[in-house]
Amino acid sequence: MISTQNTVTDATQIPYGAFYNCAQLTSVVLPDSVETIGVACFYGCTNLQDVTIGNGVKSIGNYAFSGCSALESFSFGSSMESIGNEAFSNCYSLTSVTIPDSVTSIGYEAFYKCSLLTSITIPDSVTSIGDYAFYYCTSLTSIEIPDSVTSISYDAFYGCSNLASIVVDEKN
């Protein structure tokens, strides 16, 4: 029998490619003890819909959830510091993301082609937004960029055809 939910306990790191292309995986629960979600850890888990991560997770590796096309929403833990390159690329069903105040950078193509993403909250802690970070997020209608962001890289919002409002906070 294949379990469609995995609960990880007493681990500090989910290693590189640990659940790569596990197409039957639908739900993941990670406890506070996990600090790192490795590179391509859940890459290509096309039926993954629900991810609950503990507050201990500090980093999400490159490609960690890339191609998880059924993933609808994702909540980051309060200790998150970095979102890796292409971490959520091609997560076509992702509709909303709230990034915690502890994150300082959004990686290259982090949300590339998340075409149903309608809202994103970028906190004051973020200083840089990587190349193509929100490339072809065609459902994104507005974005508020805090004054802490000192670098918005090449084509960060390219192809966001419904983006009607951009608010850039002024430094006081």
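What you see below is based on every heavy atom in this structure, not just the backbone, and it leaves out hydrogens, waters and symmetry mates. These numbers were taken from a predicted model, which means no experiment stands behind them.
Of all heavy-atom pairs spanning P100 and P123, the tightest one is O-CG, 3.2 Å. The two residues C41 and P15 make their nearest non-hydrogen contact at SG-O, 3.9 Å. Between L140 and T118, the shortest heavy-atom contact is CD1-O, 3.6 Å. Heavy-atom minimum distance, A64 versus I37: CB-CG2, 4.0 Å. Closest of all the heavy-atom pairs between A133 and G107 is CB-O, 3.9 Å. Minimum heavy-atom separation, C68 to L48: SG-CD2, 4.1 Å.
Atoms CG and OG1, from N21 and T46 in turn, are 8.0 Å apart once rounded to the nearest 0.5 Å. Expressed to the nearest 0.5 Å, how far OH of Y92 lies from CG of N90 amounts to 3.5 Å. To the nearest 0.5 Å, the span separating NZ on K58 from OG on S78 amounts to 11.0 Å. Between the OG atom of S96 and the CD atom of E72 there is a distance of 9.5 Å, given to the nearest 0.5 Å. In this structure, SG in C160 is found 8.5 Å from CD1 in I166, a value given to the nearest 0.5 Å. In this structure, OG in S105 is found 7.5 Å from CD1 in I83, a value given to the nearest 0.5 Å.
Under the 4.5 Å side-chain criterion, counting only non-hydrogen atoms from C-beta, E109 is not in contact with Y135. Residues P146 and I122 meet the side-chain proximity criterion, which asks for heavy atoms closer than 4.5 Å. Residues S139 and T141 are not in side-chain contact: their nearest non-hydrogen atoms beyond the backbone lie 4.5 Å or more apart. In this structure, I143 and L163 have side chains that are in contact, with non-hydrogen atoms separated by less than 4.5 Å.
By the rule that hydrophobic residues join a cluster once side-chain heavy atoms approach within less than 4.5 Å of another member, V97 and I53 end up as members of one cluster. Residues V51 and L117 are members of one and the same hydrophobic cluster, defined by side-chain heavy-atom contacts under 4.5 angstrom among Ile, Leu, Val, Met, Phe, Trp and Tyr. By the criterion of side-chain heavy atoms lying less than 4.5 angstrom apart, applied directly or through intervening Ile, Leu, Val, Met, Phe, Trp or Tyr residues, L71 is not grouped with L116; the two fall into different hydrophobic clusters. Under a hydrophobic clustering in which Ile, Leu, Val, Met, Phe, Trp and Tyr are joined whenever their side-chain heavy atoms come within less than 4.5 Å, directly or via other members, F111 and V39 fall into different clusters.
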**OP:** Dump the intermediate steps for side-chain contact (heavy atoms from CB on, under 4.5 Å) on M80 and I60, then the final yes or no.
**Re:** CA-CA 8 Å; M80 184 65 57; I60 295 178; 3.6 Å; yes
Subject >> Audit row: V28, D50, side-chain contact (heavy atoms from CB on, under 4.5 Å) steps and yes/no >> reply: CA-CA 6 Å; V28 174; D50 182 39; over 6 Å; no
**OP:** Report the C-alpha separation of T98 and F76 in whole Å, then their side-chain angles, then the decisive distance to 0.1 Å, and conclude whether the side-chain contact (heavy atoms from CB on, under 4.5 Å) test is met.
**Re:** CA-CA 7 Å; T98 300; F76 296 91; over 6 Å; no
**OP:** Given side-chain contact (heavy atoms from CB on, under 4.5 Å), test T121 with I99 step by step and report yes or no.
**Re:** CA-CA 6 Å; T121 302; I99 299 171; over 6 Å; no
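Relative ring orientation between Y43 and Y63 is described as perpendicular, the plane-to-plane angle rising above 60° on a 0-90° scale split at 30° and 60°.
A donor-acceptor contact shorter than 3.5 Å links the side chain of D131 to the backbone of Y154. A donor-acceptor pair is defined here as one N or O able to donate and one able to accept, closer than 3.5 Å; such a pair exists between the side chain of S93 and the backbone of S69. No side-chain donor-acceptor contact under 3.5 Å links T104 to the backbone of V126. For the pair T26 (side chain) and N47 (backbone), a donor-acceptor distance under 3.5 Å is absent. Listed for the S148 side chain is a donor-acceptor partner under 3.5 Å among the backbone atoms of D124. At least one donor-acceptor pair under 3.5 Å links the side chain of N62 to the backbone N or O of N85. With hydrogens and angles ignored, the 3.5 Å screen pairs no side-chain donor or acceptor of D147 with any backbone N or O of D169.
With F42 as reference, F19 is the one residue of Y16, F88, F19 to meet the ring-ring contact (aromatic ring centres under 6.0 Å, His included) rule.
In this structure, Y112 has its ring center at least 6.0 angstrom away from the ring center of Y132.
With no hydrogens or angles considered, a side-chain donor-acceptor pair links S66 and S89 at under 3.5 Å.
Crowding of Y158 atom OH: a count of heavy atoms from other residues, nucleotides or ligands under 6.0 Å not exceeding 12.
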